[in-house]
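These notes concern the structure reproduced below.
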Amino acid sequence: MSYDVQSIRQQFPILNQKIHGRPLVYLDNAATAQKPIAVIDAISNYYLNYNANVHRGVHTLSQRATDAIEAVREEVRAHINAEESAEIIFTQGITDSINTIAFGMGAVVSKEQNIVITAIEHHSNIVPWQMLCKRTGAELRHLPMNEHGELVLEGIEEIIDENTAMVAFNHISNALGTINPVEAILEHAEKVGAWTLIDGAQSGPHAKVDVRAWNVDFFTLSSHKMYGPTGLGVLYGKREKLEVLPPFQGGGEMIATVTLEESTYAGLPHKFEAGTPHIEGIIGFGAALKYINEIGIKAIAAHEKKLLKYSTVECSKIDGFKVIGDSKNKASVLSFIVDGTHPYDIGVLLDQQGVAVRTGQHCTQPIMDAFCIDGTVRASFAMYNTKKEIDLFKAALEKSITMLR
Amino acid sequence: MSYDVQSIRQQFPILNQKIHGRPLVYLDNAATAQKPIAVIDAISNYYLNYNANVHRGVHTLSQRATDAIEAVREEVRAHINAEESAEIIFTQGITDSINTIAFGMGAVVSKEQNIVITAIEHHSNIVPWQMLCKRTGAELRHLPMNEHGELVLEGIEEIIDENTAMVAFNHISNALGTINPVEAILEHAEKVGAWTLIDGAQSGPHAKVDVRAWNVDFFTLSSHKMYGPTGLGVLYGKREKLEVLPPFQGGGEMIATVTLEESTYAGLPHKFEAGTPHIEGIIGFGAALKYINEIGIKAIAAHEKKLLKYSTVECSKIDGFKVIGDSKNKASVLSFIVDGTHPYDIGVLLDQQGVAVRTGQHCTQPIMDAFCIDGTVRASFAMYNTKKEIDLFKAALEKSITMLR
Amino acid sequence: MTTIKQRQEELVKEFEFFDEWMDKYHHIIEMGKSLNALPEQKKNDNLLVQGCQSKVWLHAEKSGENILFQADADAIIAKGIIAMLIDVFNNQPAKEVAVANLGFIEEIGLKDHLSPTRANGLMSMIKQMKFYALALTD
Amino acid sequence: MTTIKQRQEELVKEFEFFDEWMDKYHHIIEMGKSLNALPEQKKNDNLLVQGCQSKVWLHAEKSGENILFQADADAIIAKGIIAMLIDVFNNQPAKEVAVANLGFIEEIGLKDHLSPTRANGLMSMIKQMKFYALALTD
Ligand SMILES: Cc1ncc(COP(=O)(O)O)c(C=O)c1O
Ligand SMILES: Cc1ncc(COP(=O)(O)O)c(C=O)c1O
């Protein structure tokens, strides 16, 4: 079956609007994706029919809500091929997931050890580790990148060594689109017995993930980047690893027993799910996963790859256009600067023409520093974008440049 | 204008359904409240029209979304009468809010100090402080309660003393309904210079709150208990206090600058809002606040007070019925046991008759231990409950008891 | 002597008699009430079945090839459910208990009708009974 | 000599000429381009206006009773906006700049049309100019 982008677009009513009198061309998908009707309906349906607090409730609505979120937990497990659904923890998002692990590792990391990240991480996969290193005295290291925005693995043995407690890196860079050599890095980490965490912010919407094939210890997703609701994330962790970490937050149902003097913690996944969960978000995310699987993540990735290639080739014809991050192995992100213009000005003028892009540092200041730039313009693609939209984008970009020069 | 409960009920379509063939009587409001159409529509409307990631986005949708959440921040500020909207932080919920403060206080509390809670707290206002005390060596104390489930203030000077770093307590007990003597406790805390935090889980839906009149340092709410979406909470903190606390989570927009070596943090409220916020939740919560204010929190409280009184009087006629927590000053919660029955069995049989209540410990195990019971049955009321529902509840309760004895 | 299969058939028939779930619950409760209580001193924590929302104590011993169960619970519905299971399994050959197929649960609609937590509790009870039976099979 | 008020009126007239916001932006950009750049050595961090998304440097000095502004920005739209403000305020009595009412922003529709962050930036620029004016008023 061929990829029917028009019928997909019909599932995203938000796309069908005008901005400053021009049709919206939404190319800010790496920041957040739009939601299909199925997700919006799942949310309404929940609140119209079976909203209740979950777990421990004996009444029917509470049972329905509990069943619904536990079913999603199982779907997430299957989606990323985890071993058991108790290894799937619902969080607020990737930032929350990574902080949970970085906090917990405070109990197991010593000052002789080091944490390894990379030069192309999102702030959410930098700052929590800096905080951990500050608390424990451990050293923060990083794998460097080259001028294509690719990680450099030569010398990796010097960086990831027997004192490495954790190697944490993203699968796909949100600022550059680079697809990182996950297997090679994991292999080095495994060799020295380091724990591993993959930030899957940009994997979720664009790539097939199999945590057991990777044999990664922790993996994390944000619902809102995967066509699901805001305020929800997933933290996958191997049971044996999650069990040795202390919980990040206390309260609610994450305990087994509480006296005013002390508490004992509940088992997985509850130990890491303090407080009333984001029930609606979990249910909406279930609908988003289902929708992604209906279209097929491989079909989506193939479609986006075509858009990326077409936009790169077309825009490269523009005088002074320069791609930032030109790895051969890229997904869905076209980050660029244009000689003699400021990204910010381009963003404003594209918006005036209906085209939504992100400008700036994309929460990856170290990358920008390395390229010695203030920021880029980033066009990022999703399942519903079209070749025609790329044409509109390119035309709007050319017009903006003419005005700015 | 008189309180028109029927027209309110029309705004909550979920109430109009049958459970096991009987009309639903939803009395589990202290766990979570149902959502009016206005909230459900606000969510759909967001995803259908202006979903985008917020802050730093130059494009129109991002601006609309940013405007919308910042407008809600201002509405929350006004609602609780905070001084400035930068003191309003959006969190995952009360549990997250309290953990944020308890974690941050790790930087300012010493082992000579103590933390004071009360005997009638939710686990979410116990466990984070236990964790803080474990980290810092500080002592955890509590104000005791009497057989009515009221806090005992005699001897408070011995408990809250000059070494008290924090006094944290709930305004209204979720398990007993007791309205605590907020002013008297705050006065003692202020006298010795202790910081103060009020858990407003049950204030939000049932009471007027004025943080400046109280002069409390921290105050917190959960959206889902206030007719708003799940996954969202509010943490209010005085600027001067929030500024000395380190952030709980790192990443996203909570930083000013990041290099691979170190980061500096952004100002309030962003310092405490790492990661993509729960944009949809904030917008939905704005709609919920607006709805509450339309009806009027005082009118709601008065209505619920009538229901509480009526249900207490009526149910007390049942042989062996015993209220747990019979403070003179109570809101919206009827917690009880019935001689010769287990709360759990009552819960199951009420559910068979369409009545949704919560049974068990209500995340307040120390209260149950103090009363030497395993748990209670809890009926809790909201703006949309009716006298007729209390009659149905009472009849169902009587039938259940007959079956069980 | 009736077999495990026959006892299940009888139970299914008993429940077919009731149209309403309230009546079925009534019947479960009556079964709970007529189950001989465990003496207090026997209710030790070792006998607690893990995974039930209320407390369920289960004791097993061998009598020849057969297995004898005794149980109690603090909530009467749980007690009724364990009473049903005892009704099916009690004084049956241990090795048959260990492998028994419990179709009656489906037929009565018990599992569908229980909440997930209670259904978990039911599964935990069955698991524990089969576990004892296995342990007591030579 | 034109007053602050007159200069605003002229600006409003200039902008009325354009129907489309793209054209208005074009005009803002042209104003940015024709603003004399600050020499590189003058662009020090002390002159940065806080609260703008792009970098805006603003320098002020006194000339008799009047105040003279120089500015630059790394993004051209920000530069155009500061150019407009300089157009209105430059070489005006410091004490009038300090209290001036800037109705033209409303009339052009600038504030409504800018994003919240950019509108904040605009407000920051105005605040900084008035702050200098106040500091330079005897
Ligand atoms: C008094 C009280 N505190 C704290 C909480 C925890 O709220 P949440 O689960 O929304 O974090 C609740 C809700 O159960 C509560 O009633
Ligand atoms: C690579 C990467 N990591 C982490 C994040 C943070 O995700 P969230 O803001 O949902 O916590 C993002 C999203 O901006 C991202 O692209």
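Order of the sequence lines fixes the chain letters, A, B, ..., with proteins taken first and strands second; residue numbering starts at 1 for each chain.
Residue-environment remark: NZ (Lys95(D)) stays at or below the threshold of 12 foreign heavy atoms within 6.0 Å. Crowding of Lys322(A) atom NZ: a count of heavy atoms from other residues, nucleotides or ligands under 6.0 Å not exceeding 12. The number of heavy atoms from other shown groups lying within 6.0 Å of CG (Asn16(A)) does not exceed 12. The local environment of NZ in Lys42(D) is crowded, with over 12 non-hydrogen atoms from other residues, nucleotides or ligands closer than 6.0 Å. Residue-environment remark: CZ (Phe18(D)) exceeds the threshold of 12 foreign heavy atoms within 6.0 Å.
Both the backbone and the side chain of Leu349(A) have a heavy atom closer than 4.5 Å to some heavy atom of chain D. Within the 4.5 angstrom heavy-atom criterion, only side-chain atoms of Ile29(D), from C-beta onward, approach chain A.
Asp374(A) and Asp74(D) get closest at one heavy-atom pair: OD2-OD2, 3.3 Å. Closest approach of Leu404(A) to Lys33(D), counting heavy atoms only: O-CE, 3.2 Å. Here the closest non-hydrogen pair linking Tyr25(D) and Gln352(A) is CE1-NE2, 2.9 Å.
Annotation: maximal heavy-atom pairing with chain A below 4.5 Å, among His26(D), Lys55(D), Met22(D), Glu30(D), occurs at Met22(D).
Interatomic distance, Arg405(A) CZ to Ile76(D) CD1, rounded to the nearest 0.5 Å: 13.0 Å.
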